[in-house]
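Reviewing the structure listed below.
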There are 2 protein chains.
Amino acid sequence: MQASTSPAGRPRSDLNADVFAATLRSVHEFGYAGATMDRIAVAAGVAKTTLYRRWPSKGALITACLVDVFGPAPVVSEDREELLTTAIRWGAAKIAEAGVGAAFAGVFTDAVSDPGLREILSTELQAPYLRVLQYALGESEQRVRFVIDVIIGTLLHRMGISGEPMAEDDVEALIAMVLGVFR
Amino acid sequence: MQASTSPAGRPRSDLNADVFAATLRSVHEFGYAGATMDRIAVAAGVAKTTLYRRWPSKGALITACLVDVFGPAPVVSEDREELLTTAIRWGAAKIAEAGVGAAFAGVFTDAVSDPGLREILSTELQAPYLRVLQYALGESEQRVRFVIDVIIGTLLHRMGISGEPMAEDDVEALIAMVLGVFR
DNA sequence: TTAATTACGCTACTTCCGGTAGCGTAATCG
DNA sequence: CGATTACGCTACCGGAAGTAGCGTAATTAA
């Protein structure tokens, strides 16, 4: 392949970080629908057309933000209980600290009526984590999917739709509940 | 008050049922965003302006559909375990049979950036059930809200966003999980 | 230096959708 | 019959996603 033989032409400016920050700020402040592409562009100090040169749609841009926030799945343990505990704490903390609950929930809802976005969301954001969990849990796919839906569903409903952070107690309660499934 | 002294003027046609059916069909088929007011109006054989005469917004219309589907909260028991069990089974069945998962999730997401809709949603759809549960569970408000968020979040994430029905097994697993919280 | 190439900003535009205005007409009550 | 309210219809407004095309900036290859 040898892809990095610096292509001819003007290189892309280093503005992804600014765009991601502006996007998440906008979503946090105005909600998913209220965070318009025009507004994001202005907030990032970038032309709207530039956004569309890099990401095919608003949903794709916000998904890219989420991928940027969460980064690679942290495989912290081979032990099932420890893995689940850490994963849930990690997910809740990430969502809360970055304030991406609304962004998350909005993208999911958009994806219902947008197959292209569903594809992006699935491959870029969900698949890596699913693979890690399914491998580590070593359970039937149905069981794993159920657990994932409980975790994601609960976190999103609380922090995305209700917009409130999740108390320590509640995170621990969620962990205890999920661990109970495997007993 | 004496409200029912038949007012002068042409009475409203009996078309709520048709509109609700057309709305839910549209949302089920095209997703929340894809179910446009024009489409709903055509599907129901009604003028779009008539929709806006009866419901102030798309979100309000869909909320009305949900209220119509769910009806009054069934207070089936004073026993905590029995109440939760029945409530979860009832909710899952209602959502599945009416195919209102996407509608539900869409309204919630819309409400994030629409205070008016949030108000409608809260008073007309959520409040009655919350009151029943909080009374019956007799727990701290935090505990009750946590349980509700787990139940609603899980059901919506599975049946609204993923769009898949929930298997018997999973409903029972959810019930077992929730009951475990109170031990 | 120059030509080719790619990225960016800008303005203007199209399309679609939620929601509104206003008119003519239909149905009901007194 | 008149007053009143509901409905259908057409036309429209405003906003937001996404696109087209131009001039210009930054880089590489010759």
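Note on naming: letters A, B, ... go to the chains in the order of the sequence lines (proteins, then strands), and numbering restarts at 1 for each one. The structure presented is a predicted model; accordingly, all values stated were derived computationally and were not measured. Any value given below was found using the heavy atoms of this structure, including those in side chains, with hydrogens, waters and symmetry copies removed.
Counting non-hydrogen atoms of neighbouring residues, nucleotides and ligands closer than 6.0 angstrom, the CD atom of B:Glu168 reaches no more than 12 such neighbours.
One finds no salt bridge joining B:Arg118 and B:Asp114 here, because no Lys/Arg side-chain nitrogen approaches an Asp/Glu carboxylate oxygen to under 4.0 Å.
Between the CG atom of A:Asp110 and the C1' atom of C:dC16 there is a distance of 15 Å, rounded to whole Å. Look at CH2 on A:Trp55: it is 15 Å from P on D:dA17, rounded to the nearest Å. Between the CG atom of A:Leu15 and the C1' atom of D:dA26 there is a distance of 14 Å, rounded to whole Å. Here D:dA16 presents its C1' atom at 15 Å from CG of A:Leu61, a figure rounded to the nearest Å. In this entry the distance linking CG of A:Leu51 with P of D:dA16 reads 15 Å, nearest Å. Nucleotide C:dC17 holds its C1' atom 13 Å from the CD1 atom of B:Ile62, rounded to whole Å. Put simply, CD1 on A:Ile40 is 12 Å from C1' on D:dA16, counting in whole angstrom units.
The ring pair (Phe, Tyr, Trp, His ring centres under 6.0 Å) contacts involving residues 139-183 of chain A comprise A:His157-B:Phe108, where partners must be two or more places apart or lie in separate chains.
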What protein N or O atoms touch nucleotides 13-15 of chain C N or O atoms at under 3.5 angstrom, if any, and at what distances?
none

List every contact pair, protein side and nucleotides 3-6 of chain D side both N or O, where the distance is under 3.5 Å.
unit_1	atom_1	unit_2	atom_2	d
D:dT5	O2	B:Arg10	N	3.0
D:dA6	O4'	B:Arg10	O	3.3
D:dA6	N3	B:Arg10	NH1	3.4

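Shortest non-hydrogen contact noted between B:Asp18 and B:Ala44 is O-CB, 4.1 Å. The two atoms that bring B:Pro128 and B:Thr123 nearest to each other are CD-O, 3.8 Å, heavy atoms only.
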With salt bridge (charged side-chain N to carboxylate O under 4.0 Å, His left out) as the test, would you mind laying out the steps for B:Asp110 and B:Lys58 before giving the verdict? CA-CA 10 Å; B:Asp110 252 26; B:Lys58 173 177 170 175; over 6 Å; no

Does the salt bridge (charged side-chain N to carboxylate O under 4.0 Å, His left out) test come out yes or no for A:Glu29 and A:Arg39, once each step is laid out? CA-CA 11 Å; A:Glu29 187 166 357; A:Arg39 223 198 298 250; over 6 Å; no

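Cluster annotation: B:Val100 and B:Ile161 are assigned to the same hydrophobic cluster (Ile/Leu/Val/Met/Phe/Trp/Tyr, side-chain heavy-atom contacts under 4.5 Å, transitive). The cluster map of Ile, Leu, Val, Met, Phe, Trp and Tyr, joined by side-chain heavy atoms under 4.5 Å apart, puts B:Leu125 and B:Ile148 in the same cluster. Linking Ile, Leu, Val, Met, Phe, Trp and Tyr residues whenever their side-chain heavy atoms come within less than 4.5 Å places A:Phe20 and A:Ile40 in a single cluster.
Taking B:Tyr129 as the reference, B:Trp90 meet the ring pair (Phe, Tyr, Trp, His ring centres under 6.0 Å) condition, with sequence neighbours excluded.
Each of C:dG9, D:dC9, C:dG19 was ranked by its minimum atom distance to the side chain of B:Thr49; first place goes to D:dC9.
Rounded to the nearest 0.5 angstrom, A:Asp149 CG and B:Leu156 CG are separated by 11.5 Å.
Listed by residue number, there are no residues of residues 31-38 of chain A with a heavy-atom contact under 4.0 Å to DNA chain C. Listed by residue number, the members of residues 114-125 of chain A with any heavy atom below 4.0 angstrom from DNA chain D form an empty set.
Using a 30° and 60° split on the angle between ring planes, B:Phe70 and B:Phe104 fall in the perpendicular class, above 60°.
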